[in-house]
Amino acid sequence: MAAERNYSPHQQKIIKRYYENSEGLQFQKLSQLVGDLYLADAKKQDRLWKQVAESLAKLEFPATRIAHLLEKRDPTLLAGVLKEIDGKA
């Protein structure tokens, strides 16, 4: 049985701001992943591409395009996607 949480007004504001800014946070995370992908070895790249897919899914990016990015595994394509997303914002 889950207990209902009673958050203080201050905590409620923090939670609200987090969810209001979650898209920006995901975009920032993806930007960092582009650089990490360029510098990572093959083993680490597998984990990073998985993080890319998860972040793009949270941004409601089309699944077919996510699959294409994962198939190509090209950081320059991901950088282009970020420019596209940034243009929409």
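Computed from a predicted structure; not experimentally measured.
For the atom pair NZ (Lys83) and CG (Leu78), the distance works out to 11.5 Å, reported to the nearest 0.5 Å. One distance of note links NE2 of His68 with CZ of Arg65; it measures 8.0 Å at 0.5 Å rounding. If you take NZ on Lys50 and CG on Leu33, they are separated by 13.5 Å, rounding to the nearest 0.5 Å.
Looking only at side-chain heavy atoms (C-beta outward), Ile14 and Arg17 come within less than 4.5 Å of each other. Side-chain contact between Phe61 and Ile85 is present, with heavy atoms from C-beta onward closer than 4.5 Å. In this structure, Leu59 and Leu30 have side chains that are in contact, with non-hydrogen atoms separated by less than 4.5 Å. Residues Phe27 and Ser22 are not in side-chain contact: their nearest non-hydrogen atoms beyond the backbone lie 4.5 Å or more apart. Counting heavy atoms from C-beta on, the side chains of Val34 and Val52 never come closer than 4.5 Å.
Looking at residues two or more places apart in sequence or on another chain, you find a side-chain contact (heavy atoms from CB on, under 4.5 Å) between Ala40 and Lys44, Gln45, Leu48. For Ser8, the side-chain contact (heavy atoms from CB on, under 4.5 Å) test picks out His10, Gln11, with sequence neighbours left out. Every residue two or more places apart in sequence or in another chain was checked for a salt bridge (charged side-chain N to carboxylate O under 4.0 Å, His left out) with Asp74, and none qualifies. Residues meeting the side-chain contact (heavy atoms from CB on, under 4.5 Å) test with Pro9, sequence neighbours left out: none. Among residues two or more places apart in sequence or in another chain, the side chain to side chain donor-acceptor pair (under 3.5 Å) test is passed with Gln26 by Ser55. Not counting sequence neighbours, the partners of Arg73 by the side chain to side chain donor-acceptor pair (under 3.5 Å) test are Asp46. Residues that satisfy the side-chain contact (heavy atoms from CB on, under 4.5 Å) test with Ala53, not counting sequence neighbours, are Ile66, Leu70.
Here Tyr18 sits in one hydrophobic cluster together with Tyr7, Ile15, Tyr19, Leu25; the rule is ILVMFWY side chains under 4.5 Å apart, joined directly or through other members.
For the side-chain hydrogen bond (donor to acceptor under 3.5 Å, both in side chains) condition, no pair includes a residue of residues 29-39, sequence neighbours left out.
Applying the 6.0 Å contact sphere to CD of Glu20 captures more than 12 heavy atoms from other residues, nucleotides or ligands.
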